[in-house]
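Below: the structure, in structure tokens.
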Amino acid sequence: MRPVLNSLASACAVIALAVSLPALAAPTISAAAAAADAAPLPETVPSDLPRTIRPTHYSIEITPDAKALTFAGKVGIDVRVFSASDTLVLHGSGLKVSSAKLVPQAGGAPIVLKVTADDAAQHLNFAAPAAIQPGSYRLDLAYTGTIGTQPSGLFALDYPDKRTGKTVRGLFTQFEAPDARRFVPSFDEPSYKATFDLAAVVPADQMALSNMPVAKTQALGSGRKRVTFATTPRMSSYLLFFGVGDFERSAKMASDGVEVGIVAPAGSGTQAAYARDALAEILPWYDDYFGVKFPLPKLDNIAAPGSSQFFGAMENWGAIMTFERILLLDPATTSPSGLQDIYNTQAHETAHQWFGDLVTMAWWDDIWLNEGFASWASDKITDHFHPEWNWKLGGVDGREAAMSQDALPTTHPVVQHIRTASEMEQAFDSITYQKGQATIAMLEDYVGQDTWRNGIRGYMAKHAYANTQSKDLWAAIEGAGGKDVDLIAEAFTRTPGVPLLRVSAAACKGGQTRLQLAQDAFSLDPSDRAGQKPTWPLPLLIRVGDQAPTRHLMSGKNDSVTLPGCAPVLVNSGQLGYYRTLYDAASLARLTAGFGSLAPIDQYGLLRDNLSLSTAGYQDMAAGLNLLVAVPTTADATLSGKVAAQWRGVYDLLADGQAKDAFGALVSRTWSGRLKTLGFDPVAGEALTDTQLRAQLVETLGAVRDPQVGAEARRRLQALATDPAALNGPLKRVWLEAAARQATRGDWDLMRAQAGKVTSIVERQLYYSALGLASDEALANATLALAISGTPDATSASQMITSVGRVHPELAFDFVRAHQDAVNTLIEHAGRPRFIARLVAASTEPTMVPKLQAYAATLPADEAKPVIQALTSLKQRLATRSAQRAQTAAWLAKHR
Ligand SMILES: [Zn+2]
């Protein structure tokens with residue numbers, strides 16, 4: 001799955017593709033998979049079902065009634081019963097079973113079962129009149145269920161038809177995690193792999209899709225047809241997919257003989273071409289990397305109109321689903337980073353086709369293995385095919401996102417104990433994705449790219465169609481020759497927290513530099529810094545000046561290392577180590593003096609690391625701010641854009657007043673020249689990274705109230721009154737947001753009217769979200785009231801509330817708590833506390849502390865976790881904010 005967070009990107013090196021390769025074969029069923037079918041689920045794998053029975057095949061037929069939002073289903077499940085029992089337990093949620101019987105495969109009378117539902121456990125219990133004896137059976141069930149309006153189970157999305165503007169409805173499924181049980185009674189856990197036959201009765205003029213191609217279509221009369229899909233390979237229930245609607249498909253044959261297709265709402269036309277061609281490029285590269293060919297005959301990526309607060313895309317095997325915004329390229333709205341997201345998100349979901357779908361974690365405790373790996377792999381392939389994007393810099397953003405969660409007392413280990421549905425939902429966080437990814441990138445760098453890839457190939461072959469735990473991956477990498485992998489991996493995945501490395505360099509003697517190293521733990525909470533801290537084995541890559549870096553594995557609390565050369569010392573060269581580096585003042589001053597000559601990745605990594613150390617109070621703000629001004633404003637476009645965003649981050653730390661205004665003016669003086677050189681509008685034929693830098697500069701300068709950018713944004717917004725296409729182009733979102741921040745009532749009305757007129761759901765959501773950014777509190781209130789009025793669709797409405805939270809966190813929080821029932825209808829059930837907790841991410845208001853405490857007290861312990869985390873983070877901001885502000889003002893006084 002691909003979460004909605006910050007861009008997930010990592011640093012990793014380019015793999016050289018061998019030019020001539022033997023034709024790759026599809027994977028064969030591994031011995032591990034065959035053995036699993038023959039025995040009950042082992043006790044080492046968590047499960048909330050009795051271990052007496054195992055499914056091997058499902059034959060499902062469903063008949064949705066899209067208008068009534070209900071469906072009827074029939075399923076025959078081939079099962080093996082391993083020990084005698086008079087009850088069968090399956091997962092089921094919101095399903096009503098009308099008939100149930102168990103048919104012995106060897107012949108004999110069917111056993112009629114009596115069903116009761118345990119709603120709290122999401123179980124369906126089937127009682128037999130006498131003990132069911134071990135053997136093979138088919139469990140035949142007829143049932144009905146409901147179609148939701150949020151992405152879990154079978155759900156509907158309403159959207160404007162691109163050709164007519166009329167509202168139409170498409171159906172889709174989302175089963176991770178764990179919601180296949182809302183679609184079909186099932187053994188809905190990742191280790192219960194089985195094959196699936198799916199058939200559906202649907203309107204004759206619509207397109208139906210699933211993991212496999214259509215095997216048969218029968219006309220049924222009265223405008224209906226039955227579509228039967230080919231049998232899937234052995235897979236987990238959370239990977240099943242079904243969709244139906246008024247779609248069109250743009251397909252092409254990839255070089256490995258697999259057909260790739262982009263399925264889009266009818267009328268999308270050429271908007272699918274970019275993603276289709278990218279997918280055809282990505283798929284064969286992974287065939288080679290993993291050493292086994294993609295085993296399905298086709299790979300579709302289905303564009304869902306709408307959005308989720310929590311995820312962007314889902315890796316259903318052979319039928320990826322991606323929200324339209326990050327799959328279709330619309331010249332009217334797609335930004336340069338949107339285009340990169342299309343590429344990178346497809347690369348992420350395609351990596352899952354092997355890592356997750358072919359080989360799956362045994363239980364959700366190891367979900368990081370899926371997500372960390374797919375995030376790492378997608379960045380690797382993006383960097384391979386698009387070196388000009390300088391994608392590796394994003395690895396630093398990923399590290400920072402993970403550390404901001406990992407350095408709080410509420411953090412958790414990468415491998416965590418997960419039991420409830422709510423815990424599963426919360427597991428899709430920056431520790432799972434970005435710390436997981438950072439750990440993998442660090443390990444690959446440590447063992448070397450070839451050893452790592454050979455280990456991955458061995459892992460795929462050994463566990464194809466089966467389930468694994470983290471230790472199986474470490475064993476495979478060590479089997480390929482990787483040293484210390486288990487040691488480092490265990491420490492970084494089992495011990496929560498962020499290592500802090502204190503570095504001090506002695507004066508250079510005899511042409512050699514001696515470093516003293518001391519290990520501690522980095523904490524954002526000043527009250528959490530004393531006492532015993534864990535020690536990690538730290539793989540260091542140390543560079544002296546421009547000499548080749550030296551590798552050193554630090555294993556204790558204290559260490560020292562002597563290196564040839566007297567130039568400035570850089571400890572985390574390449575920025576792949578997951579730790580913070582706190583230099584002594586003299587060493588940092590030497591790095592700062594020669595900053596512009598460091599590699600872009602090291603400039604950006606050092607900058608982020610030191611800004612974080614400064615804001616957390618480990619050093620004065622001046623240390624981080626001196627690096628901020630040390631990056632040349634003529635730097636590479638990607639680096640410049642990211643650095644400009646950091647300027648804005650410091651601006652946001654300051655309280656309204658003189659210092660903030662002065663800092664804003666400094667940002668304008670520093671960056672408006674670069675924007676002037678680029679111009680306000682894209683130039684034909686310019687590099688994508690220049691378009692992207694322009695967007696970033698408009699965003700940064702707009703946020704710090706640069707008068708020229710503000711006036712230009714207002715002029716462009718007002719042109720909408722006479723020309724609805726006035727804002728169209730790759731900078732649509734940033735101009736709109738810059739105008740929205742300073743919106744008057746008239747501007748707000750104009751944007752609202754525009755949202756009602758446009759026939760693209762993506763464009764409509766841009767306008768609705770922009771409404772929430774107005775700094776005028778009356779307009780923020782008007783946006784909140786509009787969100788629950790029923791006019792905007794559910795997914796736009798929840799985005800509007802989130803938008804208000806970015807500018808007025810307390811207002812958004814209070815509104816949601818006061819209108820909880822209305823807001824609940826807009827948010828996926830399991831994600832509600834997370835949605836509300838996120839609203840206050842930017843708050844520095846002490847009165848929020850008791851409000852969050854009161855809200856957390858209303859929730860069960862497992863659901864309260866994201867709220868407790870938001871509370872801890874808020875307290876930390878309150879504890880450090882005044883020092884940050886005073887130190888920044890003092891620094892500013894010297895830099896006027
Ligand atoms: Zn994923």
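Computed from a predicted model, the values in this text were never measured in an experiment. In each ligand, atom 1 is the first atom listed, and ligand 1 is the first ligand listed.
Remark: Arg832 engages Asn824, Ile827, His829 in a side-chain contact (heavy atoms from CB on, under 4.5 Å) (not counting sequence neighbours). Residues passing the side-chain contact (heavy atoms from CB on, under 4.5 Å) test with Gln869, sequence neighbours excluded: Gln405, Thr410. Listed by chain and number, the residues in a side-chain contact (heavy atoms from CB on, under 4.5 Å) with Thr333 are Asp330, Lys732, Val762, Glu763, Leu766 (sequence neighbours excluded).
By the 4.5 Å heavy-atom criterion applied to side chains, Trp285 and Leu283 are not counted as neighbours. In this structure, the side chains of Val359 and Trp354 stay at 4.5 Å or more apart for every pair of heavy atoms.
Here the protein contributes Met1 N, Met1 O, His348 NE2, His352 NE2, Glu371 OE1 as N, O or S atoms under 2.8 Å from the Zn ion (ligand 1).
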| Run the ring-ring contact (aromatic ring centres under 6.0 Å, His included) check on Phe247 and Phe172 step by step: do they pass? | CA-CA 12 Å; Phe247 303 147; Phe172 307 84; 5.7 Å; yes
